[in-house]
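Below: one structure, written as structure tokens.
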Amino acid sequence: MPERAGKQSSARESAVTSGCVLLLVLVADVAAALLVVILLAARGLDRMDAGSGMTATGVPPLDWTPVVGFGALALAVGVTALVLLRIGHRVVGAVQLTLCGLLTLHTLGSWP
């Protein structure tokens, strides 16, 4: 009987650890997404202010904000996917890895 109690305690600790890791992964993904949203919103506000008093005299400068923002988001999602795959959550990790691939393609598409 003592062996069974030890196995239940170990399984419970493993479940708690996996839950905490999943919560940290979720918080990291949300923080990265919010950072991208804030960067893109600030860029949009800057463009609205700059466009009101200026005339078009030439080619506008390159804007790397979408590339950096979506690249950072793809990196964060990719790292969390690897963490999920490493701890044994194969389905969620595979979904995260697919999302990382889509974000990488979007990043490459927004390359100037």
Side-chain angles (χ1 to χ4, degrees):
M1 287 284 173
E3 293 176 18
R4 183 175 266 174
K7 288 182 181 178
Q8 286 177 347
S9 175
S10 176
R12 189 175 303 146
E13 288 175 6
S14 176
V16 169
T17 303
S18 294
C20 289
V21 168
L22 287 173
L23 182 66
L24 289 174
V25 165
L26 178 65
V27 168
D29 285 344
V30 168
L34 284 175
L35 179 65
V36 171
V37 167
I38 289 170
L39 284 173
L40 292 176
R43 181 187 74 147
L45 289 174
D46 187 41
R47 282 189 173 182
M48 285 184 1
D49 291 340
S52 63
M54 297 179 66
T55 59
T57 58
V59 177
L62 289 177
D63 188 13
W64 289 94
T65 306
V67 175
V68 172
F70 288 119
L73 185 59
L75 181 65
V77 170
V79 168
T80 56
L82 291 177
V83 168
L84 287 169
L85 289 172
R86 180 77 175 151
I87 64 173
H89 294 282
R90 296 187 191 276
V91 174
V92 179
V95 170
Q96 286 280 100
L97 206 54
T98 303
L99 185 61
C100 174
L102 292 174
L103 283 169
T104 302
L105 289 175
H106 185 66
T107 301
L108 292 174
S110 63
W111 194 278

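FYI, side chains are in, hydrogens and waters are out, and symmetry mates aren't considered; it's all heavy atoms of this structure.
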- Here the gap from L102 atom CG to L97 atom CG, rounded to the nearest 0.5 Å, amounts to 10.5 Å

- Query: Considering all heavy atoms of both residues, which atom of T104 and which atom of A74 are nearest to each other, and what is their separation?
  - Reply: OG1-CB, 3.8 Å

- Message: Show the nearest heavy-atom pair for residues V67 and T107, with the distance to one decimal.
- Response: O-CG2, 3.6 Å

- Any idea which heavy atoms bring D29 and Q96 closest together, and the distance? OD2-NE2, 2.8 Å

- Rounded distance [0.5 Å steps], CD1 in I87 versus OG1 in T17: 9.0 Å

- Which hydrophobic side chains are connected to L40, either touching it within the sub-4.5 Å cutoff or through other members that do? V36, F70, L73, V77, L99, L103

- Item | Interatomic distance, T80 atom OG1 to L75 atom CG [nearest 0.5 angstrom] | 9.5 Å

- Query: Taking all atoms of both residues into account, what is the closest heavy-atom pair of G78 and C100, and its distance?
  - Reply: CA-SG, 3.6 Å

